[in-house]
Amino acid sequence: MLVSAKSMLTKAKAGKYAVGQFNINNLEWTKAILLTAEELKSPVILGVSEGAGKYMCGYKTVVGMVKGMIEELGITVPVALHLDHGSYEGAMKCIEAGFSSVMFDGSHYPIEENIEKTTALVKLCEEKGLSLEAEVGAIGGEEDGVIGNGECADPNECKMIADLGVTMLAAGIGNIHGKYPANWPGLSFETLAAVSEKVGDMPLVLHGGTGIPAEMIQKAISLGVSKINVNTECQLAFQAATRKYVEEGKDLQGKGFDPRKLLAPGFEAIKATVKEKMELFGSVGKA
Ligand code: 13P
């Protein structure tokens, strides 16, 4: 069953671990993430960007695929289906389509407008029992056309948004989507500690999980991060494994051209990446 992310994140915050949000792109991605979560008895959040939603033929298709898979694969761990970096309109569409969680990214609006739009969604999500993620301080880098500068959020603005009644809050702390540049100064733990102090029990979300060193992840969790988003790392693992298969000429041997064979190494690579992250985040056995 699809569930809101509220309960899993409240438990994660109290237990000082984090639940991974892994973005999905297609059937193989979704199956790999769900099976790994089930094997490790970990709660999991499936992230869908607006671009990925469009690619997968719309939010209704995504809901149908995920619900069908949960049933057919006998998935028993809590699964949240979450819109990643949604616009206001995108969030409305996902709520209607049957997502169990949405993110409204109003970080590029003036704070007053971010508050106004977030408030409207808080009310709607409460009525429907969905979790809502808000963002303050744009996350750096580019993800599906959403571009940010890697800002550090203003802790007072974080408090204002948290107080609206959102479920979880993404605060920019110098994190970036995609690969980190060699000269990246690292996460701003000073900002994170200040935000954490202001927002109290509110679970914090760390975007741009790809390539953040393990010690920084652990420190971020100790300072109140309870949800960590990973996207690019699964894409890179899939790409490397698929490249290897083709370079070794396996697609030319026997039935190696069969998509179920061609996509299998990439599928296994996503599983291995998700497993590694769940172990690092501490969510194994927490379902
Ligand atoms: P990465 O692609 O850097 O892992 O970031 C994922 C993310 O934050 C999704 O919102």
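In listed order, ligands and their atoms are each counted from 1.
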Using a plain distance cutoff, I'd like to know if [X] has any nitrogen or oxygen under 3.5 Å from a nitrogen or oxygen of ligand 1.
X      : result
Thr232 : yes
His177 : yes
Gln21  : no

Can the ring centroids of Phe267 and Trp29 be said to lie less than 6.0 angstrom from one another?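 No - the distance between ring centres of Phe267 and Trp29 does not fall below the 6.0 Å cut-off.
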
His85 ring center near His108 ring center (under 6.0 Å): no

Working to the nearest 0.5 Å, report the span between OH of Tyr245 and CG of Leu262. 5.5 Å

Need the ligand 1 atom indices (1-based, order shown) with element for anything under 4.0 Å from a heavy-atom of [X].
X      : value
Asp84  : 9 (C), 10 (O)
Gly178 : 1 (P), 2 (O), 3 (O)
Thr210 : 1 (P), 2 (O), 3 (O), 4 (O)
Val230 : 4 (O)
Gly209 : 4 (O), 5 (O)

Co-membership, hydrophobic cluster, residues Phe22 and Ile24, 4.5 Å side-chain: yes

Least distance between heavy atoms, Pro265 atom then Lys261 atom: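 Nearest pair, atom of Pro265 first, then Lys261: CD-O, 3.3 Å.
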
How does Asn231 reach ligand 1, by side chain, by backbone, by both or by neither, if only non-hydrogen atoms under 4.0 Å count?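 It is both parts that get close, each with some atom under 4.0 Å.
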
Side-chain H-bond candidate by donor/acceptor type, Asn23 with Gln21, under 3.5 Å: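 A pair is found: one side chain offers a donor N or O, the other an acceptor, under 3.5 Å apart.
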
I'd like to know whether Lys277 forms a salt bridge (Lys or Arg N to Asp or Glu O under 4.0 Å) with Glu233, so could you lay out the CA-CA distance, the side-chain angles of the two residues, the decisive distance to 0.1 Å, and finally the verdict. CA-CA 10 Å; Lys277 296 295 169 195; Glu233 208 154 319; 2.9 Å; yes

Below 4.0 Å from ligand 1: does a non-hydrogen atom of His85 turn up there or not? yes

